[in-house]
Amino acid sequence: MRQQPFGKGGPQVSLIGQGTWYLDRADRSRAIAALQRGIDAGMTHIDTAEMYGDAELVIADAIAGKRDSLFLVSKVLPSNASRRGAITACERSLQRLKTDYLDCYLLHWRGSFPLEDTVDAFEELIAAGKIRSWGVSNFDTDDLNELLAVSGRGKIACNQVLYHLQERAIEHAVIPWCEKHGVAVVAYSPFGHDEFPSPRSRGGEVLQSIADNHKATPRQVTLSFLARAPSVFPIPKASSPEHAAENAGAGNLVLTASEIFTIDQAFPRGPKPRGLPML
Ligand code: NAP
């Protein structure tokens, strides 16, 4: 599994990570086995959130004894992202995850608390050793500009945003903004949540024929395509060990320029939408 810097000057993080939304709805022992298979195959970036029900508890069981090799990320709900609320929310997540620090802590989406308050709370958590870095999720460029004015340069580790073959809006402005400012882009729902192109669609056929060139699978080709910019880290969620192993296989797959062009044509970027799409 390839690793790359998580933003400018950031730690090395696995190219492909593991999402955990709805993982608590799956069979618990299979979900744990899926996370562990993914970790063993190098997908050491694990993404969760206080919003994801009992996912943090499932992760705690999966990562016991392996914590130090991981890049563990959780998120605070906007309704908890006040100066004090973000700190207690983080402490609850640490307890549920049975760990004493997070590698990165994100504001899940922008809410009504002033960004200054959330940033102050994040900086206090860093000073206390409870988080190593912080970032945001679902921030468009205007939000990012405001955040940068509040935090100053070199503080925002990542922006986690929706990115899949049929939703490429972030390529217009969010990815360029993040690359300019040394901020990692974490691509959520890289398989469209549950809308992966069917094998019988034209796009599905394109993915299969490129997969055949590499003895790979359409989903591996998709993850490699999404991760073609060095700032982007896709985080597919899998609740079966077989799916996790397949997704990890994308971590060493490099597409040719002509394959990237073909996928680009089959799943066009489309015009820039007014607002940033999110799930
Ligand atoms: P996703 O990763 O695009 O797709 C998940 C679906 O793909 C599941 O049904 C999963 O099935 C299936 N799948 C995964 N690997 C597969 C494989 N190799 N073969 C066949 N099917 C496969 O959707 P997502 O969960 O929405 O997004 C990923 C993660 O991003 C989330 O889990 C969460 O951590 C994060 N996220 C963040 C936000 C945000 O606002 N920040 C929003 C949405 C998601 P199985 O479960 O059966 O394996």
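What you are looking at is a predicted structure, and each value in this text was computed from that prediction instead of being measured. Whatever order the structure lists them in is the order used to number ligands and atoms, beginning at 1. Heads up: numbering here begins at 1 and tracks the sequence.
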Considering heavy atoms of the protein only, find what lies nearest to [atom] and give residue, atom and distance to 0.1 Å.
atom                    : value
atom 11 (O) of ligand 1 : H243 ND1, 3.8 Å
atom 18 (N) of ligand 1 : N247 OD1, 3.0 Å
atom 2 (O) of ligand 1  : K237 N, 2.9 Å
atom 31 (C) of ligand 1 : W21 CB, 3.6 Å
atom 34 (O) of ligand 1 : D47 OD2, 2.7 Å
atom 4 (O) of ligand 1  : H193 O, 3.0 Å
atom 30 (O) of ligand 1 : Y188 CB, 3.3 Å
atom 33 (C) of ligand 1 : Y52 OH, 3.4 Å

Minimum side-chain heavy-atom gap H214-L255 below 4.5 Å
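The answer is yes; the side chains approach within 4.5 Å.
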For ligand 1, does L162 get within less than 4.0 Å through its side chain, its backbone, both, or neither, judged by non-hydrogen atoms?
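Answer for L162: neither.
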Based purely on interatomic distance, does [X] place a nitrogen or oxygen under 3.5 Å from a nitrogen or oxygen of ligand 1?
X    : value
D194 : no
K75  : no
F191 : yes

Enumerate the atoms of ligand 1 whose separation from the nearest heavy atom of [X] is less than 4.0 angstrom.
X    : result
P190 : 2 (O), 3 (O)
I235 : 28 (C), 29 (C), 30 (O), 35 (C)
P236 : 2 (O)
S137 : 39 (C), 40 (O), 41 (N)
H108 : 39 (C), 40 (O), 41 (N)

Please say which of R96, R84, K130 ends up in a salt bridge (Lys or Arg N to Asp or Glu O under 4.0 Å) with E91.
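Checked R96, R84, K130 against E91; only one passes salt bridge (Lys or Arg N to Asp or Glu O under 4.0 Å): K130.
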Might you work through the side chain to side chain contact (heavy atoms under 4.5 Å, CB included) test for R153 and H181, ending with a clear yes or no?
CA-CA 8 Å; R153 293 189 176 280; H181 294 94; 3.3 Å; yes
I want to confirm something. Looking only at heavy atoms, which of R219, Q160, Q18, E246 is nearest to atom 20 (C) of ligand 1?
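The option holding the nearest heavy atom is R219.
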Considering G17, S239, G19, S189, which one's heavy-atom position lies nearest to atom 46 (O) of ligand 1?
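Considering heavy atoms of G17, S239, G19, S189, the nearest to atom 46 (O) of ligand 1 sits in S239.
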Please verify the inter-ring angle class for Y22 with H193; under 30° counts as parallel, over 60° as perpendicular, anything in between as tilted.
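Because their plane-to-plane angle lies in the 30° to 60° range, the rings of Y22 and H193 count as tilted.
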Whether [X] engages the ring of [Y] as a cation-pi pair (distance to the six-membered ring centre under 6.0 angstrom, angle to the ring normal within 45°) should be assessed.
X    : Y    : value
R83  : F113 : no
R25  : Y52  : no
R168 : Y163 : no

Just to verify, which of V13, V185, L106 counts as forming a side-chain contact (heavy atoms from CB on, under 4.5 Å) with C158?
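When side-chain contact (heavy atoms from CB on, under 4.5 Å) is applied between C158 and each of V13, V185, L106, only L106 qualifies.
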Could you tell me if the ring centre of F6 sits under 6.0 Å from that of H45?
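That pair passes the under 6.0 Å test.
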Shared ILVMFWY cluster between F267 and V232, side chains joined below 4.5 angstrom?
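Hydrophobic grouping puts F267 with V232.
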With no hydrogens and no angle check, do the side chains of Q160 and D47 hold a donor and an acceptor under 3.5 Å apart?
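A pair is found: one side chain offers a donor N or O, the other an acceptor, under 3.5 Å apart.
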